[in-house]
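Quick notes on the structure that follows.
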Amino acid sequence: MTVSTLPLNDGNQVPWIAFGTGTALFRKDAEDAIRLALDNGFTHLDGAQVYGNENTLGSGIVASGKSRSELFITTKLGQLQPGETPKSALQESLRQIKVDYVDLYLVNHASNHVGKLKEVWKGMEEAQKAGLTKSIGVSNFTADHLKTILEIATIPPAVNQVEAHPYVWQALQPNLAIHDQYKIVTSSFGGLSSLFRGKGGPLDPVIEQIRTRLEKTRGAPVSDGQVLNKWLQQKGVLVVTTSSKAERIREYLDTQNVPELTSEEIALIDTIGGKLHKRYFVSLEFDNDSHSSDYLAFQPGHWPYE
């Protein structure tokens, strides 16, 4: 199956769905999971320095036998050590992943670089100009963070990866307005949280109603997860997900073959989702305008696979 792509504002293309090595794989050996994902059709791998598993991500790529040209690899800048730059940090990531370049390099959290965001962004631009990454972007950036770096950026972020699902979509509107203005692709993690972590919420009957209609239209099974991933895909969102099961991995990739939601169904998910504001990977910066570095209210590695 050929995975469809989204256009980036720098002229590159990104596969619309990625296999992530955070959450359940945080600081764990990712080699087998990467092989499983690649063997079952994923081409986009999403890692990060803070995940502590870039080395085994690279081992999984090597073990899969896939050529570099077949893959799209993302990693993310963590907290800089004294004397370190975004460029030198990426060079270490490339050594760990065992590749010469990544396709996308993101600043993982603005709270790691308080007072230095502009300096860090210039360092990201240097990494791109040096050919170490094809595209650059950010993750977990609020609208204010984006405005800060856009004041000095000669290369705007291509992607902003945030927690994105119906229960936070309304809260993301300030971000999305800037994304639209600068053609920044919204990337989601935790996109299926309303199903896996928010069971019993107001969306449940809506998703079931839409799933039943899609299944009848398709003449083949459609899952609840495919309904939500289709909602994200139709909004132009880059989905980051993960699973330890081959059948679930194939199901996620098959989402692009599911019939489209109607405009009324999309609006219904938006409306009902907007009745509950719930973050599962909580960033205090989004909810309380806080600049606290204590931004994570979950314990990575203890979440189940989606």
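Just so you know, these numbers come straight off a predicted model, no measurement behind them.
Of the options Phe72, Tyr252, Phe19, a ring-ring contact (aromatic ring centres under 6.0 Å, His included) to His44 is made by Phe72 and by none of the others. Each of Arg27, Lys76, Lys28 was checked for a side-chain hydrogen bond (donor to acceptor under 3.5 Å, both in side chains) with Tyr51, and the lone residue meeting it is Lys76. Checked against Val206 for a side chain to side chain contact (heavy atoms under 4.5 Å, CB included), the options Val227, Leu268, Thr271 give a single hit: Leu268. Each of Thr56, Leu45, Val62 was evaluated against Ile34; a single residue qualifies, Leu45, per the side chain to side chain contact (heavy atoms under 4.5 Å, CB included) test.
The minimum heavy-atom distance between Ala220 and Glu215, with the atom names listed, is O-CG, 3.2 Å. Between Ser111 and Val114, the shortest heavy-atom distance links the atoms O-CG2, 3.5 Å. In plain terms, the two heavy atoms of Trp231 and Ile266 that are nearest each other are NE1-O, 3.8 Å. Heavy atoms only, all atoms of each residue included: Tyr105 and Ala89 are closest at OH-CB, 3.8 Å. Contact detail for Ala158 and Asp10: the closest heavy-atom pair is CB-OD2, 4.3 Å. Of all heavy-atom pairs spanning Gly200 and Asp204, the tightest one is N-OD2, 2.7 Å.
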side-chain contact (heavy atoms from CB on, under 4.5 Å) between Leu77 and Met124: does it pass, once the steps are laid out? CA-CA 9 Å; Leu77 174 69; Met124 296 292 286; 4.2 Å; yes
Could you give me the CA-CA distance, side-chain angles and deciding distance for Ile61 and Lys98, then say whether side-chain contact (heavy atoms from CB on, under 4.5 Å) is met? CA-CA 9 Å; Ile61 292 171; Lys98 307 167 188 63; over 6 Å; no
side-chain contact (heavy atoms from CB on, under 4.5 Å) assessment of Ser4 paired with Gln233: CA-CA 10 Å; Ser4 61; Gln233 184 187 30; 3.7 Å; yes
Verdict with reasoning, Thr142 to His145, per side chain to side chain donor-acceptor pair (under 3.5 Å): CA-CA 5 Å; Thr142 66; His145 296 144; 3.1 Å; yes
Hey, mind stepping through Thr5 and Val14 against side-chain contact (heavy atoms from CB on, under 4.5 Å) and telling me if it holds? CA-CA 5 Å; Thr5 61; Val14 57; over 6 Å; no
For Lys230 and Asp254: C-alpha separation, side-chain torsions, deciding distance, then whether salt bridge (charged side-chain N to carboxylate O under 4.0 Å, His left out) applies. CA-CA 10 Å; Lys230 196 70 180 182; Asp254 181 55; over 6 Å; no
May I have the step-by-step check of salt bridge (charged side-chain N to carboxylate O under 4.0 Å, His left out) for Arg95 and Glu54, ending in yes or no? CA-CA 9 Å; Arg95 188 183 71 80; Glu54 286 181 311; over 6 Å; no
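Taking CG of Leu238 as the start and CG of Asn160 as the end, the distance is 11.0 Å to the nearest 0.5 Å. With rounding to the nearest 0.5 Å, the separation of CG in Leu71 from NZ in Lys66 is 8.0 Å. Interatomic distance, Ile249 CD1 to Thr241 OG1, rounded to the nearest 0.5 Å: 9.0 Å. A distance of 10.0 Å separates CD of Gln81 from OG of Ser88, quoted to the nearest 0.5 Å. Remark: Ile272 CD1 to Ile207 CD1 distance equals 10.5 Å, nearest 0.5 Å. With values rounded to the nearest 0.5 angstrom, Thr255 atom OG1 is found 9.5 Å from Leu232 atom CG.
The shortest side-chain heavy-atom distance between Asn175 and Val162 falls under the 4.5 Å cut-off. Residues Asp100 and Leu94 are not in side-chain contact: their nearest non-hydrogen atoms beyond the backbone lie 4.5 Å or more apart. Looking at Pro86 and Glu126, their side chains never come closer than 4.5 Å, going by heavy atoms from C-beta outward. With contacts defined as side-chain heavy-atom distances shorter than 4.5 Å, the pair Gln79/His113 does not qualify. Side-chain atoms of Pro157 and Phe141, non-hydrogen and from C-beta on, never get closer than 4.5 Å to each other. Residues Gln13 and Leu8 fail the side-chain proximity criterion, which asks for heavy atoms closer than 4.5 Å. Within the 4.5 Å cutoff, the side chain of Lys134 has no heavy atoms near those of the Leu104 side chain. Within the 4.5 Å cutoff, side-chain heavy atoms of Arg211 are placed close to those of Glu208.
Within the 6.0 Å centre-distance limit, the rings of His165 and Tyr280 are counted as a close aromatic pair.
Residue Lys278 qualifies as open at atom NZ: its count of foreign heavy atoms under 6.0 Å is 12 or below. A 6.0 Å sphere centred on NZ of Lys116 holds no more than 12 heavy atoms belonging to other residues, nucleotides or ligands.
In terms of modelled atom types and a separation under 3.5 Å, the side chain of Lys245 and the main chain of Ser243 share no donor-acceptor contact. Looking only at distances, no side-chain donor or acceptor of Thr74 sits under 3.5 Å from a matching main-chain atom of Asp46. Panel note: side chain Asn53, backbone Thr21; a donor-acceptor pair is recorded below 3.5 Å. Within the 3.5 Å criterion, the main-chain N or O of Trp169 finds a donor-acceptor partner in the side chain of Gln173. Side-chain N or O atoms of Arg68 include one that pairs as donor or acceptor with a backbone N or O of Tyr101 at under 3.5 Å. Checked by atom type and distance alone, the side chain of Gln226 pairs as donor or acceptor with a backbone atom of Ser223 at under 3.5 Å. Remark: side-chain polar atoms of Asn9 are paired, donor with acceptor, to backbone N or O of Tyr182 under 3.5 angstrom. No donor-acceptor pair closer than 3.5 Å links the side chain of Ser188 to the backbone N or O of Gly191. A distance-only check finds a donor-acceptor pair linking the side chain of Asp103 to the backbone of Ile73 [under 3.5 Å]. Distance alone, capped at 3.5 Å, is enough to place a donor-acceptor pair between the Tyr167 side chain and the Leu203 backbone.
Inspection of the Glu70 and Ser67 side chains reveals an N or O donor paired with an N or O acceptor under 3.5 Å. One side chain, Ser93 or Gln49, offers a donor N or O that lies under 3.5 Å from an acceptor on the other.
A search for salt bridge (charged side-chain N to carboxylate O under 4.0 Å, His left out) contacts involving Glu119 returns nothing, not counting sequence neighbours. In this structure, Glu264 has no salt bridge (charged side-chain N to carboxylate O under 4.0 Å, His left out) partners at least two apart in sequence or on a different chain.
For the side-chain hydrogen bond (donor to acceptor under 3.5 Å, both in side chains) condition, the pairs that include at least one residue of residues 34-43, sequence neighbours left out, are Asn40-Arg250.
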